[in-house]
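Everything quoted here is computed from the prediction, not taken from an experiment.
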Amino acid sequence: MASPRTITIVALSVALGLFFVFMGTIKLTPRLSRDAYNEMKRAYKSYVRALPMLKKMGVSSILLRKSIGALEVACGIVMTLVPGRPKDVANFLLLLLVLAVLFFHQLVGDPLKRYAHALVFGILLTCRLLIARQPEEQPPDKRVLSVNGDEQPPAHEAAAEKGKMKVS
């Protein structure tokens with residue numbers, strides 16, 4: 001049976017992965033929602049206007065939106081389908097991406113309701129990464145039976161308890 005930690009990581013990975021695949025797809029194509037796609041186009045134009053250095057580097061709003069969308073889709077697929085260490089890498093990249101998007105929203109002065117979802121999903125990405133990076137809990141040491149059938153603690157516990165008095 002899977003541990004609660006494993007179930008939590010899998011559930012968060014699938015949910016976050018699907019969310020970012022969905023959001024990345026909206027940035028890339030109007031097929032899912034034409035209104036949301038047009039809103040994304042407008043938003044990324046304001047981000048590039050607010051950061052003139054992007055324009056100087058040759059980054060257009062279209063390139064920025066499509067790059068972020070493609071990264072979200074790729075990392076979302078990894079988070080949903082790929083086992084092991086790549087999930088943590090995708091999680092970290094998405095967390096950096098969410099921080100950049102939060103920076104963009106703050107830069108243009110968007111109200112909280114426009115970027116609340118990014119804040120919530122950033123917190124969820126952080127939680128998933130912290131849970132995944134914690135070491136797996138080890139099973140307790142096995143007790144050894146002595147010759148007369150009494151349970152004896154492992155050697156390292158016996159040494160620690162040597163100077164203690166047992167009270168019944």
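Atom-to-atom distance recorded for D110:CG and S46:OG is 6.5 Å, nearest 0.5 angstrom. With rounding to the nearest 0.5 Å, the separation of CG in L18 from CD1 in I77 is 10.0 Å. To the nearest 0.5 angstrom, T29 atom OG1 is 13.0 Å from M40 atom CE. Rounded to the nearest 0.5 angstrom, S61 OG and R49 CZ are separated by 8.5 Å. A distance of 4.5 Å separates CE of M79 from CZ of R128, quoted to the nearest 0.5 Å. Atom-to-atom distance recorded for S67:OG and E72:CD is 11.0 Å, nearest 0.5 angstrom.
The pair E39-R34 does not count as a salt bridge, with every side-chain nitrogen at least 4.0 angstrom from each carboxylate oxygen.
Here the options are I62, I68, L63, the test is side chain to side chain contact (heavy atoms under 4.5 Å, CB included), and the partner is Y44; only I68 passes.
No path of Ile, Leu, Val, Met, Phe, Trp and Tyr side chains, each step under 4.5 Å between heavy atoms, connects L81 with L94, placing them in separate hydrophobic clusters. At a threshold of 4.5 Å between side-chain heavy atoms, the hydrophobic network of Ile, Leu, Val, Met, Phe, Trp and Tyr places L64 and V108 in one connected group. Hydrophobic clustering of Ile, Leu, Val, Met, Phe, Trp and Tyr side chains at less than 4.5 Å, counting indirect connections, unites V101 with L71. Note: the hydrophobic cluster containing L97 does not contain L28 (ILVMFWY, side chain heavy atoms under 4.5 Å, direct or indirect links). Linking ILVMFWY residues whenever their side-chain heavy atoms come closer than 4.5 Å, directly or via other members, leaves L130 and L16 in distinct clusters.
Ring geometry for F121 versus F20: interplanar angle over 60°, hence perpendicular rather than tilted (30 to 60°). In this pair, Y47 and F104 present their aromatic rings parallel. The plane angle is below 30°, not in the 30 to 60° band.
Pairing each heavy atom of T25 with each of V73, the nearest pair is N-CG2, 3.6 Å. Shown here for I26 and A36, the closest heavy-atom pair between the two residues is CG2-CB, 3.7 Å. V48 approaches K55 most closely through the heavy-atom pair CG1-CD, 4.1 Å. Across V78 and A90, no two heavy atoms sit closer than the pair CG1-CB, 3.8 Å. For A118 against L102, the heavy-atom pair with the smallest separation is CB-CD2, 3.9 Å.
Residues L51 and V59 fail the side-chain proximity criterion, which asks for heavy atoms closer than 4.5 Å. Counting heavy atoms from C-beta on, the side chains of K27 and K41 never come closer than 4.5 Å. Looking at heavy atoms from C-beta onward, V98 lies in side-chain contact with L125 at the 4.5 angstrom threshold. Annotation: side chain of Y37 is in contact with side chain of R65 (closest heavy-atom distance under 4.5 Å). Proximity of D88 to F92: side-chain heavy atoms (C-beta onward) are nowhere separated by under 4.5 Å.
Within the 3.5 Å criterion, the main-chain N or O of G122 finds a donor-acceptor partner in the side chain of T126. Checking side-chain atoms of S13 against main-chain N and O of I9 turns up a donor-acceptor pair under 3.5 Å.
The 12-atom threshold is exceeded at CZ of F19, counting heavy atoms of other residues, nucleotides or ligands nearer than 6.0 Å. With a 6.0 Å radius and a threshold of 12 heavy atoms from other residues, nucleotides or ligands, R42 has its CZ atom above the threshold.
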